[in-house]
J.: 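Before I ask anything, let me first share the structure, which is written out below as structure tokens.
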Amino acid sequence: MAETDMHYYSTLIAVADDCAASGGVIPSAKGGKKTVAVLQFEMIAGAPHGLTQADVLFETWLLRQDLPEEPSEEKRAELRARFFARSQACMRASPLPKTYGWGLLFDEHGRVALCPRDSAEYAQLVAAESGVTVLKAMRSKRA
């Protein structure tokens, strides 16, 4: 999937049907290492509506590479192009809406913010009162 055609606009990725969390749960590191959930949570919570799906996916991958130093802009662009040359799972597969009870709200510019399952905003969005497209996160288990 090319980077240019993987954005969501005015869309809520709703919490998966089999998610046990009743509200937004802040993920924690496991074994002293930040998990994908922790990295994505920190990125999105730190810059609401500041990053696109592609930004979050690439930066999560990059942070998990244990590079000895911060790559230059040129190297970063090369790594990003190489990363998106392969098909990538979208944010519907993120652990945030699958396990931790966070909806992912994309604005009209394709930038994402967190929306906890137990919030009034989330309830309004899933009730289709806002004109936002609602897509479910992927289930963790088969139905």
Side-chain angles (χ1 to χ4, degrees), residues 1-67 70-71 73-143:
M1 170 186 296
E3 179 178 349
T4 55
D5 51 53
M6 68 180 315
H7 298 294
Y8 290 109
Y9 300 95
S10 300
T11 300
L12 173 72
I13 296 178
V15 174
D17 289 335
D18 63 347
C19 176
S22 60
V25 175
I26 298 174
S28 57
K30 299 224 180 352
K33 291 194 80 161
K34 290 184 179 183
T35 63
V36 167
V38 170
L39 293 171
Q40 289 181 350
F41 178 84
E42 289 177 352
M43 268 185 256
I44 299 169
H49 294 298
L51 301 168
T52 65
Q53 171 175 236
D55 295 334
V56 173
L57 293 174
F58 173 70
E59 293 299 328
T60 300
W61 173 81
L62 187 63
L63 289 167
R64 294 177 56 86
Q65 297 310 297
D66 292 326
L67 298 176
E70 180 69 23
E73 286 298 316
E74 185 177 301
K75 183 66 175 172
R76 179 180 279 277
E78 177 187 321
L79 289 169
R80 188 169 175 129
R82 201 172 331 147
F83 177 75
F84 286 110
R86 297 182 312 272
S87 181
Q88 302 297 326
C90 70
M91 294 295 290
R92 289 183 57 220
S94 167
L96 295 175
K98 285 178 68 172
T99 307
Y100 293 95
W102 293 99
L104 302 174
L105 180 59
F106 292 86
D107 66 15
E108 65 276 7
H109 304 292
R111 304 201 182 275
V112 64
L114 297 170
C115 187
R117 178 185 221 173
D118 56 347
S119 70
E121 180 184 20
Y122 183 90
Q124 178 187 12
L125 290 167
V126 296
E129 298 170 11
S130 61
V132 168
T133 302
V134 178
L135 301 172
K136 286 283 191 178
M138 295 179 182
R139 298 171 55 93
S140 294
K141 301 173 185 78
R142 288 188 178 171

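Just the heavy atoms: all of them, side chains too, but no hydrogens, waters or symmetry mates, feed the values below.
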J.: Are the side chain of Ser119 and the backbone N or O of Cys115 linked by a donor-acceptor pair below 3.5 Å?
T.: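 Pair absent, no side-chain N/O of Ser119 close to backbone of Cys115.
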J.: Show your working on side-chain contact (heavy atoms from CB on, under 4.5 Å) between Val112 and Gln53 and close with a plain yes or no.
T.: CA-CA 7 Å; Val112 64; Gln53 171 175 236; over 6 Å; no
J.: Would you say that Ile44 contacts Met91 through its side chain, given a criterion of any heavy-atom pair below 4.5 Å between the two side chains?
T.: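 SC-SC contact between Ile44 and Met91 confirmed.
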J.: For the side-chain contact (heavy atoms from CB on, under 4.5 Å) test, which of Ser94, Pro27, Cys19 pairs with Tyr100?
T.: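 Option passing the side-chain contact (heavy atoms from CB on, under 4.5 Å) with Tyr100: Pro27.
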J.: Does some side-chain heavy atom of Gln40 sit less than 4.5 Å from a side-chain heavy atom of Pro95?
T.: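 They are in contact (side-chain heavy atoms under 4.5 Å apart), so the answer is yes.
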J.: Looking at side-chain heavy atoms only, is the closest gap between Trp102 and Pro116 below 4.5 Å?
T.: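 With C-beta onward as the side chain, the pair touches.
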J.: At what distance, to the nearest 0.5 angstrom, does NE2 of His109 lie from NE2 of His7?
T.: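 Interatomic distance, His109 NE2 to His7 NE2, rounded to 0.5 Å: 13.5 Å.
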J.: Given side-chain contact (heavy atoms from CB on, under 4.5 Å), test Arg64 with Val36 step by step and report yes or no.
T.: CA-CA 8 Å; Arg64 294 177 56 86; Val36 167; 3.6 Å; yes
J.: What I'd like to find out is whether the side chain of Leu114 reaches to under 4.5 Å of the side chain of Phe41, using heavy atoms alone.
T.: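 Leu114 reaches Phe41 side chain to side chain.
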J.: Counting only heavy atoms not in Ile26 (residues, nucleotides, ligands), do more than 12 fall under 6.0 Å from its CD1?
T.: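 At most 12 heavy atoms, drawn from other residues, nucleotides or ligands, come within 6.0 Å of this atom.
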J.: Please check if atom CD in Glu108 has more than 12 non-hydrogen atoms from other residues, nucleotides or ligands closer than 6.0 Å.
T.: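 Yes.
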J.: Can you tell whether the side chains of Lys98 and Asp17 come within less than 4.0 Å, N to carboxylate O?
T.: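 No, this pair does not count.
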J.: Just by modelled atom types, is the Trp61 backbone N or O under 3.5 Å from a matching donor or acceptor in the Gln65 side chain?
T.: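 At least one qualifying donor-acceptor pair exists.
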J.: Looking at every heavy atom in both Ala14 and Val126, which two are closest together, and how far apart are they?
T.: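 Reported closest heavy-atom pair: CB-CG1, 4.3 Å.
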J.: Could you tell me whether the side chain of Arg111 reaches within less than 4.5 Å of the side chain of Asp55, counting heavy atoms only?
T.: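 Asp55 vs Arg111: side chains touch.
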J.: Measure across Leu63 and Leu39 and return the closest heavy-atom pair with its distance rounded to 0.1 Å.
T.: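 Heavy atoms only, the tightest pair is CD1-CD2, 3.9 Å.
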J.: Before you tell me yes or no, could you show the steps for Arg76 and Glu59 under salt bridge (Lys or Arg N to Asp or Glu O under 4.0 Å), namely the whole-Å CA-CA distance, both residues' side-chain angles and the distance that decides it to 0.1 Å?
T.: CA-CA 10 Å; Arg76 179 180 279 277; Glu59 293 299 328; 2.5 Å; yes
J.: Does Arg117 use its side chain to pair, donor to acceptor, with the backbone of Ala21 at less than 3.5 Å?
T.: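 Checked: pair present.
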J.: Which atoms form the tightest heavy-atom contact between Ile13 and Lys136, and what is the distance?
T.: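 Heavy atoms only, the tightest pair is CG2-C, 4.4 Å.
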J.: Can you list the steps and then say if Glu121 with Leu105 is a side-chain contact (heavy atoms from CB on, under 4.5 Å)?
T.: CA-CA 10 Å; Glu121 180 184 20; Leu105 180 59; 3.4 Å; yes
J.: For Met138 versus Ala16, what's the shortest heavy-atom pair and its separation?
T.: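 That would be O-CB, 3.5 Å.
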J.: Report yes or no: does Asp18 contribute a side-chain atom to a donor-acceptor pair with the main-chain N or O of Ser140 at less than 3.5 Å?
T.: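 Side chain of Asp18 to backbone of Ser140, a donor-acceptor pair under 3.5 Å: yes, one is there.
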J.: Start with the C-alpha gap between Thr133 and Leu12, add the side-chain angles, then the distance that decides, and say whether side-chain contact (heavy atoms from CB on, under 4.5 Å) holds.
T.: CA-CA 6 Å; Thr133 302; Leu12 173 72; over 6 Å; no
J.: What heavy-atom pair brings Pro48 and Gly46 nearest, and what distance separates the two atoms?
T.: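 Heavy-atom minimum between the residues: CD-C, 3.7 Å.
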J.: Hey, is the main chain of Val15 close enough, under 3.5 Å, to the side chain of Tyr122 for a donor-acceptor pair?
T.: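 Between the backbone of Val15 and the side chain of Tyr122 there is a qualifying donor-acceptor contact (under 3.5 Å).
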J.: So, Thr11 side chain and Tyr9 main chain: donor-acceptor pair closer than 3.5 Å or not?
T.: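 It does hold such a pair.
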J.: Using side-chain heavy atoms (C-beta onward) and a distance below 4.5 Å, is Tyr8 in contact with Leu104?
T.: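 A side-chain contact under 4.5 Å is absent here.
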